Amino acid sequence: MQLSRFFLPILKETPKEAEIVSHRLMLRAGMLRQQAAGIYSWLPLGWRVLQKVEQIVREEQNRAGAIELLMPTLQLADLWRESGRYDAYGPEMLRIQDRHKRDLLYGPTNEEMITEIFRSYVKSYKSLPLNLYHIQWKFRDEQRPRFGVMRGREFLMKDAYSFDLDKDAARLSYNKMFVAYLRTFARMGLKAIPMQAETGPIGGDLSHEFIVLAETGESGVYCHRDVLDLPVPDETVDYDGDLTPLIRQWTELYAATEDVHDAARYEREVPEAKRLHTRGIEVGQIFYFGTKYSDAMKALVMGPDGSERPIHGGSYGVGVSRLLGAIIEASHDEAGIIWPEAVAPFRVALLNLKQGGADTDAACARLYAALTARGIDVLYDDRDERPGAKFATADLIGIPWQVLVGPKGLAEGKVELKRRADGARELLTPDDVVARLTAPVSA
RNA sequence: CGGGGCAUAGCGCAGUCCGGUAGCGCAUCUGCUUUGGGAGCAGAGGGUCGCAGGUUCAAAUCCUGCUGCCCCGACCA
């Protein structure tokens, strides 16, 4: 992508409504446009990152055996009357009417709808287990949206729903999502800690929140420091195998949100030097809720013994759009965002330090063609700007690698390769830069 | 939902107390110069001062009502 033809409305100054760093940087980097409190347009740069994050979530859901579908944003109120949540949900639910005066709502979550789909088709225990998910925009009419995408009213969420014959089987489904979440967040460069959590209006008696530690987070948390250093399973993890040891490893050390914090147990189990009380950003939450919805909505399957029984359910959410805020909170400096490679909107920023110079223009054109031909996403800054402005832009939008092409280096046949994360620079020939960036592991 | 604050050019702000030609910086456009960390000079364009009503010869400024946005708290898959 040539920057001169891209749409990247960066801001030199911070809009005054933005208080926390991720919100400020998303606005300054031209990722977001606020349309109303908690409602945003995703500008091209932000949209690219959102899609990268979404794709990682999708890949890990698929790997764990969940199956993607897509449900609508609008739902009939009748569905929610069946579960009893139409009245229970309260003013956070955005309620609307169509031209026929039928009550609709903009979905804040999809337990009812997925249960309706499930019960229409699945009649036998032989079809279980089943885990269906979608990645769709949700709406919650928050009393106080804040911090940009961290607490929006319209937000992108991955929500998965598992269906099992009994509690033991449901626990296996729960464990799969638990492990999938460990992998999902780790792939984005995040350290997300599973913590015991309240089940809230979803109901049920087993739940973990996945929390990224950050001072700007909205949740207070208590945990054992060693939980921060636990290993995340790699992509060879066998989801059909026994995940129990892995789950035990991740749950035996104390880690809880303040809502369910047990001070006595914390002090008993966690040595003083290992105690960590801080704040965090909730990026995912998993629930086992048993037969709460299958009872109310008659989602029954025939068991092996010939008797009908309600399925045991769980639901598993990831705040996809919120993750962008969490990643930036965890990875930035004074100059701007530092994207982990896995979610970066472009992998390489190619900076022509003397736009219009015959040598630099030609060298950039060759590099751009070579890198692009090898499938690398390159943002070529070909604007008629001075070097300083290009450096500032590249740093602000956080592209992992910068290739600096200027007359100084070219005199010796070299260009500079700079890593955004630590500022490390190397003088290389253009060919070596291409080789380096196409090497299998370059981080 | 309780408390606090803000609203003037695309962005950041001054002007409001004490009514009298709507300003500054950045950004934008034109020209020239400049080119390794957000350039310089010269010129130009851009505003129903959030909305509605009121007071007044005269309202960004005073009064009344409303709306939007932000922050703290409560709330929150």
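Quick note on labels: first sequence line is chain A, next is B, and so on, each numbered from 1. These figures come from a predicted structure and were not determined experimentally.
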Return no unless some side-chain N or O of [X] is found under 4.0 Å from OP1 or OP2 of [N].
X: A:Arg144; N: B:rC72; result: yes
X: A:Gln143; N: B:rG2; result: no
X: A:Lys12; N: B:rA27; result: yes

Looking at [N], which nucleotide sits across from it as a Watson-Crick or G-U wobble partner, both distances under 3.5 angstrom, or is there none?
N: B:rC76; answer: none
N: B:rC17; answer: none
N: B:rG46; answer: none
N: B:rC69; answer: B:rG5
N: B:rA60; answer: none
N: B:rG36; answer: none
N: B:rC11; answer: B:rG25

If the condition is salt bridge (charged side-chain N to carboxylate O under 4.0 Å, His left out), which residues does A:Glu416 pass it with, not counting sequence neighbours? A:Arg425
Nucleotide nearest [X] when distance is taken to its side chain, options [options]:
X: A:Ile10; options: B:rC71, B:rG38, B:rC69; answer: B:rG38
X: A:Leu353; options: B:rC75, B:rG36, B:rA39; answer: B:rG36
X: A:Thr393; options: B:rG38, B:rU34, B:rG36; answer: B:rG38
X: A:Ala36; options: B:rC71, B:rG36, B:rC69; answer: B:rC69
X: A:Phe391; options: B:rC70, B:rC72, B:rG36; answer: B:rG36

What integer distance in Å separates [X]:[atom1] from [N]:[atom2]?
X: A:Gln355; N: B:rU33; atom1: CD; atom2: C1'; value: 18 Å
X: A:Leu11; N: B:rA27; atom1: CG; atom2: C1'; value: 10 Å
X: A:Arg153; N: B:rC76; atom1: CZ; atom2: P; value: 19 Å
X: A:Ile211; N: B:rC76; atom1: CD1; atom2: P; value: 15 Å

As a test of understanding, state which of A:Asp159, A:Thr73, A:Thr109 forms a side chain to side chain donor-acceptor pair (under 3.5 Å) with A:Lys138. A:Asp159
Taking the cut-offs as 6.0 angstrom to the six-membered ring centre and 45 degrees off its axis, would you call A:Arg95 and A:Tyr86 a cation-pi pair? yes
For A:Phe346, does the six-membered ring have the charged nitrogen or CZ of A:Arg48 within the cation-pi criterion, i.e. under 6.0 angstrom from the centroid and within 45° of the normal? yes
Looking at A:Leu27 and A:Leu32, what are the two nearest heavy atoms and their distance? CD2-O, 3.7 Å
Looking at [N], does its base get a donor-acceptor pair with the side chain of [X] below 3.5 Å?
X: A:Glu13; N: B:rG25; answer: yes
X: A:Arg140; N: B:rC76; answer: no
X: A:Lys408; N: B:rG37; answer: no
X: A:Arg28; N: B:rG38; answer: yes

Please indicate whether A:Lys354 has more than 12 foreign heavy atoms, meaning atoms of other residues, nucleotides or ligands, lying under 6.0 Å from its NZ. no
